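Notes follow the structure.
The structure presented is a predicted model; accordingly, all values stated were derived computationally and were not measured. Every heavy atom of this structure was used, including side-chain atoms; hydrogens, water molecules and symmetry mates were not. Protein chains get the first letters and strands the later ones, always in sequence-line order, with residue 1 at the start of each.
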Amino acid sequence: MAARSYWLFKSEPDCYSFDDLLNEPSGRGHWDGVRNYQARNFLRDRTSIGDGVLFYHSSCPEPGVVGIAKIVSEAYPDHTQFDPNSEAYDPKSKQDDPRWWMVDIAAEEKFLKILPLARMRQMPELVSMIVLRKGNMLSVTPVTKKEWDAVIREAKSL
DNA sequence: GCCAACGTTGGC
DNA sequence: GCCAACGTTGGC
């Protein structure tokens with residue numbers, strides 16, 4: 001069994017927030033709509049059940065990490081790519097050769113306070129964190145154990 | 001295979 | 001709303 005991996009998943013809260021995940025009747029949410037090949041590859045090839053997820057809110061008044069989730073499914077084809085009514089519809093994707101993949105996640109813990117992006121930028125442990133890099137647009141990025149521990153420690157100290 | 005144009009992301 | 005950075009597209 002592979003060692004546990006860590007990820008940061010980014011979402012616009014107006015679109016899908018951590019509270020939306022908490023409110024899922026089934027207790028789990030689909031991480032669908034990823035339409036970037038690099039992020040797709042992370043999801044499809046590198047995630048495992050049990051991996052940790054930092055849930056990040058972007059494009060909002062206060063961006064930052066709002067809570068922890070975990071991956072609860074293997075990667076499987078994202079059904080929204082075949083749905084003409086979905087904003088994430090991809091007419092070029094084929095049923096027998098899906099282009100886009102997703103995983104399911106479940107909320108583990110909501111921080112009492114958001115760990116703001118501005119604060120993360122001040123943390124020496126996070127200088128190499130991908131999500132903090134200028135121009136980063138990936139909605140799924142790997143996180144090191146060191147970064148994972150630092151984020152959680154800092155978030156719980158607020 | 002190059003590269004300009006365009007659309008999108010996302011912080012501020 | 002602005003703008004920088006990036007990915008994708010399509011003409012050649």
Quiz item: Hydrophobic cluster mates of A:W100, side-chain heavy atoms under 4.5 angstrom, ILVMFWY only, any path?
Solution: A:Y37
Self-check item: Minimum-distance pair of heavy atoms, taken over all atoms of A:G27 and A:A106
Solution: O-CB, 3.5 Å
Quiz item: Considering all heavy atoms of both residues, which atom of A:P63 and which atom of A:Y56 are nearest to each other, and what is their separation?
Solution: CB-OH, 3.6 Å
Self-check item: Value rounded to 0.5 Å, distance of CZ in A:R119 from NZ in A:K113
Solution: 9.0 Å
Self-check item: A:G50 to A:R4 - nearest heavy-atom pair and separation
Solution: O-NE, 2.7 Å
Quiz item: Which salt bridge (Lys or Arg N to Asp or Glu O under 4.0 Å) pairs, counting each pair once, include a residue from residues 38-61 of chain A, with sequence neighbours left out?
Solution: none
Quiz item: Other hydrophobic cluster members with A:L22, side-chain heavy atoms of Ile/Leu/Val/Met/Phe/Trp/Tyr under 4.5 Å, chained?
Solution: A:W7, A:F9, A:Y16, A:F18, A:L21, A:W31, A:V34, A:F42, A:L43, A:V53, A:F55, A:V66, A:I71, A:V103, A:I105, A:I114, A:L138, A:V140
Quiz item: With distance as the sole test, does A:D83 use its side chain to make a donor-acceptor pair with the main-chain N or O of A:T80 at under 3.5 Å?
Solution: no
Quiz prompt | A:K70/A:E108 salt bridge by N-O under 4.0 Å criterion | solution = yes
Quiz prompt | Selection: residues 56-69 of chain A, any non-hydrogen atom under 4.0 Å of DNA chain B | solution = A:Y56, A:S58, A:S59, A:P63
Quiz prompt | Heavy-atom contact window of chain A on DNA chain C, given 5' to 3' at under 4.0 Å | solution = C:dA5 to C:dT9
Quiz item: Can you tell if the side chain of A:K110 reaches within under 4.5 Å of the side chain of A:D19, non-hydrogen atoms only?
Solution: yes
Quiz item: Hey, can you pull the residues of residues 128-138 of chain A with a non-hydrogen atom under 4.0 angstrom from DNA chain B?
Solution: A:N136, A:M137
